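Single-structure report; data block below.
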There are 2 protein chains.
Amino acid sequence: MKSKILKYLSKYTEITEQLENAINESAYFKSYKKGDILLKEGDFSNECYFILEGCIRSYFVKDGEEKTIEFYTEEEVVTPSNIGKSTPSQYFLECLEDTVVNVGNPALENEMYQKYPQLESLSRVIAEVILTKQQESYTAFKSSTPEERYLQLLKTRPNLLQRASQYQIASYLGIRPESLSRIRKRLINK
Amino acid sequence: MKSKILKYLSKYTEITEQLENAINESAYFKSYKKGDILLKEGDFSNECYFILEGCIRSYFVKDGEEKTIEFYTEEEVVTPSNIGKSTPSQYFLECLEDTVVNVGNPALENEMYQKYPQLESLSRVIAEVILTKQQESYTAFKSSTPEERYLQLLKTRPNLLQRASQYQIASYLGIRPESLSRIRKRLINK
DNA sequence: TTAACTTGTTGACTTAAGTTAAGAAGTCAA
DNA sequence: TTGACTTCTTAACTTAAGTCAACAAGTTAA
């Protein structure tokens with residue numbers, strides 16, 4: 001299990017023995033069942049998650065509708081935006097499948113950053129990489145039609161379509177379930 | 001001038017004397033004229049910018065159309081996503097007004113991070129804050145209609161509508177200029 | 001000072017997403 | 001096993017964005 005995190009981090013930096021020790025030292029796991037809620041709207045949050053196995057969905061409720069913000073799968077990091085803050089969460093985190101995560105928390109992390117400055121450097125690099133990727137997604141979303149967005153999702157994360165229900169995917173694409181259904185039909189007839 | 005950066009950074013951390021020295025030591029300014037291009041598609045990039053005065057727009061060209069990615073104004077940071085990398089830029093950076101920036105570069109920054117680890121810690125915090133803000137914008141965009149997006153822009157960045165032309169704003173909102181024109185008309189009649 | 005270009009508006013038409021309602025198929029639990 | 005619920009699809013209709021074309025006003029440059 002531990003090796004999965006090290007494998008992930010090694011994409012960004014050389015894993016020194018010291019860093020490996022730091023990671024192993026702080027490793028702490030949790031398992032959740034399908035349907036479990038990790039965070040509710042209004043909750044305070046003190047944990048972030050690195051997914052080892054499974055799928056987590058973030059969403060909020062607007063006009064009585066669930067709006068999916070993001071799907072997180074293996075080897076991705078879920079950081080509640082209110083983590084360590086005294087502000088309540090604006091959204092929910094829900095397991096779409098049985099899920100195993102590595103749990104982190106700000107206090108531990110700050111302690112680790114003190115002990116192993118290389119780790120904070122790594123966090124900065126990863127935050128910047130994720131920021132860039134997200135900027136690209138956002139831009140692509142803006143300049144695409146719903147149909148193009150769906151095709152893009154098919155291409156880049158095909159397994160999501162097996163793991164999430166259609167109305168969850170629809171709100172992730174910024175459209176209604178009926179529209180997604182029609183888009184799929186349209187594409188089959190092409 | 002320098003104080004503007006320190007004021008910005010002080011929102012995130014205590015400015016120690018050491019940090020102040022670090023910033024002043026690396027301060028390096030440039031001025032651009034309205035219409036100047038700071039970065040072209042295909043270019044390599046080795047600079048990032050902190051805007052002291054003025055406005056910068058990032059955009060790319062798709063199907064012969066300029067698609068605005070983002071507008072950056074005073075006290076915001078513009079970091080080309082290919083900075084320090086050997087990949088060409090996917091987009092342009094253009095000054096919408098006469099603009100004064102503080103210039104940074106990866107080599108200098110890494111050097112500074114070595115000398116002043118507090119600075120790297122600060123960069124991590126800022127990257128995480130920007131990431132969270134961007135996630136929120138992205139989510140709001142997805143779950144809004146074009147009209148709602150325009151109203152939101154009016155509310156949060158009203159001065160942008162004076163600083164950028166309507167077709168630039170339109171593509172930023174993910175719609176065509178004609179549609180923005182109609183939305184504005186619709187809203188006046190309300 | 002004209003001619004060319006840019007910017008924003010408007011109109012007519014097309015296209016596709018939103019809305020509402022109904023129903024089919026599958027899942028789950030009493 | 002039956003009834004309730006969830007998920008997805010379909011149809012009819014409404015709404016608004018996209019497309020194409022024309023034009024007015026302002027700006028720029030020869």
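Predicted model only: the values in this text are computed from it and were never measured. Naming convention: chains lettered A, B, ... in sequence-line order (proteins, then strands); numbering from 1 in each chain.
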**Item:** Proximal nucleotide (of C:dA16, C:dT9, C:dG18) relative to the A:Ile175 side chain
**Value:** C:dG18
**Request:** Classify the ring geometry between B:Tyr49 and B:Tyr32 as parallel (under 30°), tilted (30 to 60°) or perpendicular (over 60°).
**Result:** perpendicular
**Message:** Rounded to whole Å, please give me the gap between CG in A:Leu180 and C1' in D:dT10.
**Reply:** 14 Å
**Asked** Among D:dA21, D:dA17, D:dC8, which nucleotide sits nearest the side chain of A:Gln166?
**Response** D:dC8
**Prompt:** Looking at the side chain of A:Arg176, which of C:dT19, D:dG18, D:dT9 is the nearest nucleotide?
**Reply:** C:dT19
**Item:** Among D:dC8, C:dT10, C:dG18, the one nearest A:Ser179 by side-chain distance
**Value:** C:dG18
**Asked** Does a distance-only test, which skips hydrogens and angles, find a donor-acceptor pair under 3.5 Å between the side chain of B:Arg184 and the base of C:dG8?
**Response** no
**Asked** How many Å lie between CG on B:Leu173 and C1' on D:dA16, as a whole number?
**Response** 15 Å
**Prompt:** What is the base-pairing partner of C:dT27, counting Watson-Crick and G-U wobble geometry with both distances under 3.5 Å?
**Reply:** D:dA4
**Request:** Could you check which of D:dT9, C:dT10, D:dA11 has an atom nearest any side-chain atom of A:Ser181?
**Result:** D:dT9
**Request:** Check whether NZ of the Lys or CZ of the Arg A:Lys142 lies under 6.0 Å from the centre of the six-membered ring of A:Tyr138 and within 45 degrees of that ring's axis.
**Result:** yes
**Message:** Checking ring-ring contact (aromatic ring centres under 6.0 Å, His included) between A:Tyr172 and each of A:Tyr150, A:Phe71, A:Tyr72, which is the one that passes?
**Reply:** A:Phe71
**Complete:** Closest to the side chain of A:Tyr167, out of C:dT9, D:dC8, C:dA17, is D:dC8
**Message:** What is the separation between atom CD1 on A:Ile188 and atom C1' on D:dT10, rounded to the nearest whole Å?
**Reply:** 13 Å
**Message:** Regarding B:Pro146, tell me which of base, sugar-phosphate or nothing describes its non-hydrogen contacts under 4.0 Å with the strands shown.
**Reply:** sugar-phosphate
**Fill in**
Rounded to whole Å, the CD-P distance (B:Glu65 to C:dT7) equals 12 Å
**Request:** Pick base, sugar-phosphate or nothing for B:Ile183, based on heavy-atom distances below 4.0 Å to the nucleic acid.
**Result:** sugar-phosphate
**Message:** Need to verify one output field. Residue with the more 5' nearest nucleotide on DNA chain C, B:Pro177 or B:Arg182?
**Reply:** B:Pro177
**Request:** Return the value, rounded to whole Å, for the distance between atom NZ of A:Lys185 and atom P of C:dA16.
**Result:** 14 Å
**Message:** Rounded to whole Å, please give me the gap between CD in B:Gln168 and C1' in C:dT6.
**Reply:** 12 Å
**Asked** Atom CZ of B:Arg186 and atom P of C:dG8: how far apart are they, to the nearest Å?
**Response** 18 Å
**Message:** Please report whether the ring centroid of B:Tyr8 lies less than 6.0 Å from that of B:Phe50.
**Reply:** yes
**Item:** NZ/NE/NH1/NH2 to OD/OE distance under 4.0 Å, B:Glu76 and B:Arg157
**Value:** yes
**Message:** Between P on C:dA24 and CD on A:Glu178, what's the gap in Å once rounded to a whole number?
**Reply:** 18 Å
